[in-house]
Amino acid sequence: MSSINELNWDELNHSYQPSNLSFRTTEEVKSIHELLGQDDAIETIRQGLKIESKGYNLYICGVQNDEIEKAIIDEVRQVAIKKEKPKAVGYIHNFSKPQEPMVIELDTDDALELKQDLDELRAFLLNDIPMLLESDEVVKKQEQVIEEYEKLVERHYMELAEKAESYHIEIRKTEEGIRFTPYNDENVNYSKEDFLELPSELQEEIGNHICILQEELDKVLTFLEKKEKYYAKLYNEVGQEMVLREVGKIIKRLQEKFGASSILQRYFNGIAEEILNNLVLFSTNLDDLIEEKEGSSLNLRQEREH
């Protein structure tokens with residue numbers, strides 16, 4: 001027959017002294033990632049991670065728990081660090097065939113660096129290019145191009161005005177275009193009524209002179225139209241030269257850094273070409289600047305006044 005013994009409080013109490021522990025605070029205790037009491041589950045996960053055949057996966061279900069998740073991730077990490085890093089695979093734009101993006105494979109470290117470099121390039125395009133195109137150096141050279149073109153326009157206009165003066169005809173610049181107005185020996189412009197009262201021979205002579213001037217004007221305008229395209233090209237090349245210099249430094253650095261990839265070489269060249277072809281998005285067009293200038297003689301609409 002068993003007997004029941006009453007326990008006193010000393011037998012129920014167990015105390016620990018700091019001197020009995022190997023650490024001063026719990027911060028010195030190394031964390032345990034294994035799940036206590038889940039040896040079979042952890043071993044099953046380890047065995048599953050050893051299977052490398054295609055089609056095998058691990059599916060783990062149960063109550064959501066941060067400690068369980070950490071333990072599983074730790075087991076996967078221990079296996080992953082012993083294996084070769086997989087390649088980072090992605091798509092990049094194909095400038096020659098936009099509908100067919102190019103696939104590229106890089107080491108993960110290289111892929112991260114490429115992303116950072118392209119982010120920096122994007123920031124350069126958005127922030128630095130507009131600043132470059134508005135720099136004192138570029139603006140001064142572009143103003144010189146505009147000034148040279150305007151001098152050319154003014155010279156041809158003055159030559160035409162001198163010829164018109166020899167016919168006693170005034171050239172007027174108006175908002176509608178250039179108008180021819182004949183005047184008499186007292187330098188007074190003929191009104192329409194006065195002109196109609198002139199002898200028919202004089203009216204015909206003035207009309208012929210105006211036709212001659214109009215033909216000369218048409219030739220000048222055709223010539224200036226071609227010159228405008230030429231100077232517009234010079235104007236754009238000022239910005240292109242500056243941007244090409246700065247973009248070239250970046251592209252060269254990227255090409256040297258990722259020289260092993262022929263696909264990236266083509267990609268970088270495409271970026272540089274695309275930037276140069278779209279500089280107008282970053283700067284003011286030459287035509288817009290000329291139109292802002294007062295006294296511009298590029299209005300091609302012509303009217304005659306008799």
Side-chain angles (χ1 to χ4, degrees), residues 1-94 97-124 126 253-268 271:
M1 182 175 178
S2 61
S3 61
I4 299 175
N5 298 321
E6 182 179 351
L7 301 176
N8 58 42
W9 73 271
D10 288 329
E11 294 174 303
L12 294 174
N13 179 55
H14 186 76
S15 63
Y16 290 91
Q17 299 300 320
S19 59
N20 296 334
L21 303 176
S22 60
F23 54 87
R24 288 179 298 174
T25 68
T26 55
E27 293 181 354
E28 299 178 5
V29 180
K30 186 177 181 181
S31 177
I32 299 177
H33 294 288
E34 293 186 358
L35 295 176
L36 299 178
Q38 297 292 336
D39 295 344
D40 291 343
I42 294 297
E43 184 59 28
T44 300
I45 292 174
R46 290 172 178 169
Q47 293 301 320
L49 292 173
K50 292 179 180 179
I51 302 176
E52 298 184 356
S53 299
K54 186 176 181 180
Y56 281 84
N57 300 281
L58 283 178
Y59 178 76
I60 302 173
C61 64
V63 179
Q64 186 173 357
N65 182 286
D66 290 342
E67 292 300 322
I68 294 176
E69 182 178 343
K70 290 180 181 178
I72 294 172
I73 292 176
D74 185 64
E75 292 297 329
V76 174
R77 183 179 290 110
Q78 294 303 317
V79 175
I81 60 177
K82 298 176 183 179
K83 295 182 177 294
E84 182 181 355
K85 286 185 180 180
K87 295 285 186 179
V89 182
Y91 289 98
I92 56 177
H93 184 65
N94 187 342
K97 295 181 179 179
Q99 70 279 10
E100 299 179 9
M102 297 183 291
V103 180
I104 185 170
E105 293 185 0
L106 290 173
D107 292 337
T108 52
D109 292 341
D110 290 341
L112 289 174
E113 287 195 29
L114 176 62
K115 181 183 182 303
Q116 293 175 351
D117 289 336
L118 293 179
D119 287 342
E120 291 177 3
L121 177 59
R122 180 176 180 274
F124 171 80
L126 294 176
R253 179 175 62 82
L254 291 174
Q255 288 178 328
E256 292 175 350
K257 188 174 184 179
F258 300 96
S261 173
S262 59
I263 294 179
L264 281 180
Q265 298 300 312
R266 285 162 38 200
Y267 178 64
F268 297 143
I271 290 176

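Owing to the predicted nature of the structure, the values given are computational and were not obtained by experimental measurement.
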| Residue pairs fulfilling ring-ring contact (aromatic ring centres under 6.0 Å, His included) with at least one residue in residues 71-93, sequence neighbours excluded | His93-Phe95
| Under the side-chain hydrogen bond (donor to acceptor under 3.5 Å, both in side chains) test, residues paired with Gln47 that sit two or more places apart | Glu43
| Side chain proximity check, Asp107 to Lys87, heavy atoms < 4.5 angstrom | yes
| request: Side-chain contact test, heavy atoms from C-beta onward, threshold under 4.5 Å: evaluate it for Leu114 versus Tyr267 and give yes or no. | output: no
| Residue list, side-chain contact (heavy atoms from CB on, under 4.5 Å) with Tyr59, at least two apart or on another chain | Cys61
| said: Holding to side-chain contact (heavy atoms from CB on, under 4.5 Å), I want the full list of residues that pass it with Lys257, two or more places apart in sequence or in another chain. | reply: Glu113, Asp117
| CD/Glu52 to NZ/Lys83 distance, rounded to the nearest 0.5 angstrom? | 3.5 Å
| said: Contact between Ile92 and Leu264 at the side-chain level, heavy atoms closer than 4.5 Å - yes or no? | reply: yes
| note | Closest non-hydrogen contact found for Ser261 with Ile104 is OG-CD1, 4.0 Å
| message | If you count heavy atoms of other groups shown closer than 6.0 angstrom to CD of Glu6, is the number above 12? | response | no
| task | Give, for atom CG of Leu112 and atom CG of Leu106, the distance between the pair rounded to the nearest 0.5 Å. | result | 10.0 Å
| With Asp119 via salt bridge (charged side-chain N to carboxylate O under 4.0 Å, His left out) - residues at least two apart | Lys115
| field | Under the side-chain contact (heavy atoms from CB on, under 4.5 Å) test, residues paired with Asn94 that sit two or more places apart | value | Ser96, Lys97, Glu100, Met102
| field | Approximate separation, where rounding is to 0.5 Å, of Tyr56 OH and Lys50 NZ | value | 16.0 Å
| Straight-line distance of Ile45 CD1 to Ile60 CD1, nearest 0.5 Å | 4.0 Å
| said: Would you say that Gln78 contacts Asp74 through its side chain, given a criterion of any heavy-atom pair below 4.5 Å between the two side chains? | reply: yes
| task | List the atom of Leu49, the atom of Glu75, and the distance in Å for their closest heavy-atom pair. | result | CD1-O, 3.7 Å
| note | Rounded to the nearest 0.5 Å, the CG atom of Leu58 sits from the CD1 atom of Ile51 at a distance of 7.5 Å
